[in-house]
Each structure stands twice: as structure tokens, then as C-alpha cells.
Amino acid sequence: PLAIMLDWSFGSFSKAAGIQGGKDLMFDTVASLLKEKKSSKSVSVAPDSTLTEAVRTMNDEKIGAVLVLDQQELVGIFTERDVLVRVVGGARDPLTTRVSEVMTSAVSTVEPATPVEAALKSMSDRRHRHLPVQENGQVCGLISMGDVTRWVIRSQAEQVNLAIGAVKQMSHSNRRG
């Protein structure tokens, strides 16, 4: 009888099964996630931008959030949820209301060295769909729940493929001996 211990939460299946190679996505950092994004540029607006300008930027870039930067300093984030709750729900005039009046100013951030799993937990716990990435006080990116979801899918696919490979390897070994 052969027992294999599976520890999916830390991606150690390949080690437990004695399989070499394969990237262990479970230990990826936010920096690696940023490198894999289709577009790594962060889109921002100034705090004194009108809501119309901010929403136009979001629509043009096909994104759900913009960072709010004042002289390269992160002062907030403006999201689709802010539009629904604070603008539409608050009956604010998008032509005259400034982003600084309705943005989310208490912004949670992560660093590039943060494990993706920790970023996911932060997003889930705080119910945020976007998380700015800062290094030494400077914004170096923005990750979304969509980015993290794609990472989770790849990570799970990698673990399933390793499991299938291990079973095939064991089956082949058992036929020989």
C-alpha cells in the first residue's frame, strides 16, 4: 500500500510525491503576478479630476478602478463601486464633483514581495476588488480580483497536473516491479 500525503494549501504535493520540476505557483509573489499581467501600467487620476474625467479614463482603459495620485503619492482609489454607491446613490453631479470627494481614501496596499495568497486573503477579508502595490512608498502596480483568480486557476491546474503525473508515474513503476 502506498500512501501519499497531499498538502494542497502549501503546494507540497510535488515534494511529497517525489516529483522534480514544475513551478510551484503556491509561493508566487505579487511581483510575479504583476509581471504576468497583460498590462502592467497603473492608471491614475488626480484628486481634483471630475468624476466624468475619471469614469472616461476607466472606460477608455477598460478597467474597474483608477489610483488617485497627488504628486505621485497614493491618496486614494476610485472604483466602479464608488460610482454606484457614492455618486449615483448619493445623487452627485459627475460634471462638478471631484474624485477626492467620493474616492476611497483608506487604501489597503501590498508590497511586491507579498505572497499572492496573502494578497487574496486581504482582498477577501476587506471585500476589495483592487489592491495597489507599493514599494518604498511608491506605487508600482495594481492587482485586481480577476488577476488573482487567474493565478488561483493556474495554481490549481498545476497541482492537478502534478497529481496526475504522480499517479501515472506510480502506475508505471508498479507495472515493472
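Here Ile153 sits alone; no ILVMFWY side chain lies under 4.5 Å from its own, so it joins no hydrophobic cluster.
One hydrophobic cluster, built from ILVMFWY side chains closer than 4.5 Å, holds both Val43 and Val75.
Under the side-chain contact (heavy atoms from CB on, under 4.5 Å) criterion, Ser124 pairs with no residue at all, not counting sequence neighbours. For Asn59, there are no side-chain hydrogen bond (donor to acceptor under 3.5 Å, both in side chains) partners at least two apart in sequence or on another chain. With sequence neighbours excluded, the residues satisfying side-chain contact (heavy atoms from CB on, under 4.5 Å) with Thr109 are Leu74, Val107, Pro132, Gln134. For the side-chain contact (heavy atoms from CB on, under 4.5 Å) test, residues two or more places apart in sequence or in another chain that qualify with Ser49 are Val45, Ala46, Glu53, Val99. Listed by chain and number, the residues in a side-chain contact (heavy atoms from CB on, under 4.5 Å) with Leu33 are Lys37, Val116, Ile143, Asp147, Val148, Trp151 (sequence neighbours excluded). Residues meeting the salt bridge (charged side-chain N to carboxylate O under 4.0 Å, His left out) test with Glu80, sequence neighbours left out: none. Partners of Asp82 by salt bridge (charged side-chain N to carboxylate O under 4.0 Å, His left out), not counting sequence neighbours, listed by chain and number: Arg86.
Remark: side-chain polar atoms of Thr79 are paired, donor with acceptor, to backbone N or O of Arg81 under 3.5 angstrom. Of the possible donor and acceptor atoms, none in the side chain of Ser32 sits under 3.5 Å from a partner among the backbone N and O of Asp28.
Counting only residues at least two apart or in different chains, salt bridge (charged side-chain N to carboxylate O under 4.0 Å, His left out) contacts with residues 60-77 comprise Lys41-Glu61. Residue pairs meeting the salt bridge (charged side-chain N to carboxylate O under 4.0 Å, His left out) criterion with at least one member in residues 91-116, sequence neighbours excluded, are Arg92-Glu101. The salt bridge (charged side-chain N to carboxylate O under 4.0 Å, His left out) pairs that include a residue from residues 125-143 are Lys121-Asp125, where partners are two or more places apart or lie in different chains.
Taking both residues in full, the closest heavy atoms of Ala113 and Thr29 are given as O-CG2, 3.7 Å, listed atom of the first, atom of the second, then distance.
Under a 4.0 Å N-O distance rule, the pair Arg154/Glu36 qualifies as a salt bridge.
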